Novice: 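Take a look at this one; I'll ask things after.
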Amino acid sequence: MISSQIHQYVPDIDEEITSSEPDFQESGLKQPSIIRVSRLAVVEEGILIGKLGQIESARLIRLKINLCNWIKSA
């Protein structure tokens with residue numbers, strides 16, 4: 001889940017994307033946001049209309065590591 005509610009940021013789990021970061025423009029986000037790894041949802045494919053943007057590969061790797069660590073700690 002992506003949220004603009006920055007105050008909900010959880011260190012070592014979520015990933016913050018600020019407007020000063022290199023992949024902010026490509027992300028398609030309109031304001032600084034957090035990717036909430038601990039807030040996942042399963043939706044039907046038909047609900048997804050299209051692609052908003054993309055993030056750099058280093059950020060994706062960090063997100064995957066955070067997700068793995070979060071699952072291991074559960």
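In this text the structure is predicted, and so the values were computed from the model without any measurement.
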Novice: Is Phe24 reachable from Ile34 through a run of hydrophobic residues whose side-chain heavy atoms are each under 4.5 Å from the next?
Specialist: no

Novice: Atom CD of Glu15 and atom CG of Leu60: how far apart are they, to the nearest 0.5 Å?
Specialist: 10.0 Å

Novice: Working note: Ser27 + Gln54, criterion side chain to side chain contact (heavy atoms under 4.5 Å, CB included); need CA distance, chi angles, decisive distance, verdict.
Specialist: CA-CA 5 Å; Ser27 73; Gln54 62 186 27; over 6 Å; no

Novice: With a 4.5 Å heavy-atom cut-off, do Ile17 and Pro32 have their side chains touching?
Specialist: no

Novice: For the CD1 atom on Ile47, are there more than 12 heavy atoms of other groups (residues, nucleotides or ligands in this structure) within a distance under 6.0 Å?
Specialist: yes

Novice: If I take atom OG from residue Ser57 and atom NZ from residue Lys64, how far apart are they, to the nearest 0.5 angstrom?
Specialist: 9.5 Å

Novice: Are more than 12 heavy atoms from other residues, nucleotides or ligands located less than 6.0 Å from atom CD of Gln5?
Specialist: yes

Novice: Applying side-chain contact (heavy atoms from CB on, under 4.5 Å) between Arg36 and each of Val10, Ile13, Ile2, report the one that passes.
Specialist: Val10

Novice: So do the side chains of Asp23 and Arg59 get within less than 4.5 Å of each other, counting heavy atoms only?
Specialist: yes

Novice: So, taking the atom named CD in Glu21 and the one named CG in Leu29, what distance separates them when rounded to the nearest 0.5 Å?
Specialist: 10.5 Å

Novice: Do Ile35 and Leu40 belong to the same hydrophobic cluster, where Ile, Leu, Val, Met, Phe, Trp and Tyr are linked whenever their side-chain heavy atoms lie under 4.5 Å apart, directly or via other members?
Specialist: yes

Novice: Find the distance between CD (Gln31) and OG1 (Thr18) and round it off to the nearest 0.5 Å.
Specialist: 12.5 Å

Novice: Is there side-chain contact between Glu56 and Pro22, with heavy atoms separated by less than 4.5 Å?
Specialist: yes

Novice: Same cluster or not: Ile65 versus Trp70, using hydrophobic residues (I, L, V, M, F, W, Y) connected whenever any side-chain heavy atoms lie under 4.5 Å apart?
Specialist: no

Novice: In Å and rounded to the nearest 0.5 Å, what is the CZ to CG distance from Arg62 to Asp12?
Specialist: 12.0 Å

Novice: Between Val37 and Ile71, is there shared hydrophobic-cluster membership here, with clusters defined by ILVMFWY side-chain heavy atoms closer than 4.5 Å?
Specialist: yes

Novice: Going from CD on Gln8 to OG on Ser33, what distance comes out if it is rounded to the nearest 0.5 angstrom?
Specialist: 11.5 Å

Novice: Treat each ILVMFWY residue as a node, draw an edge where side-chain heavy atoms are under 4.5 Å apart, and state whether Met1 and Leu48 are in one component.
Specialist: no

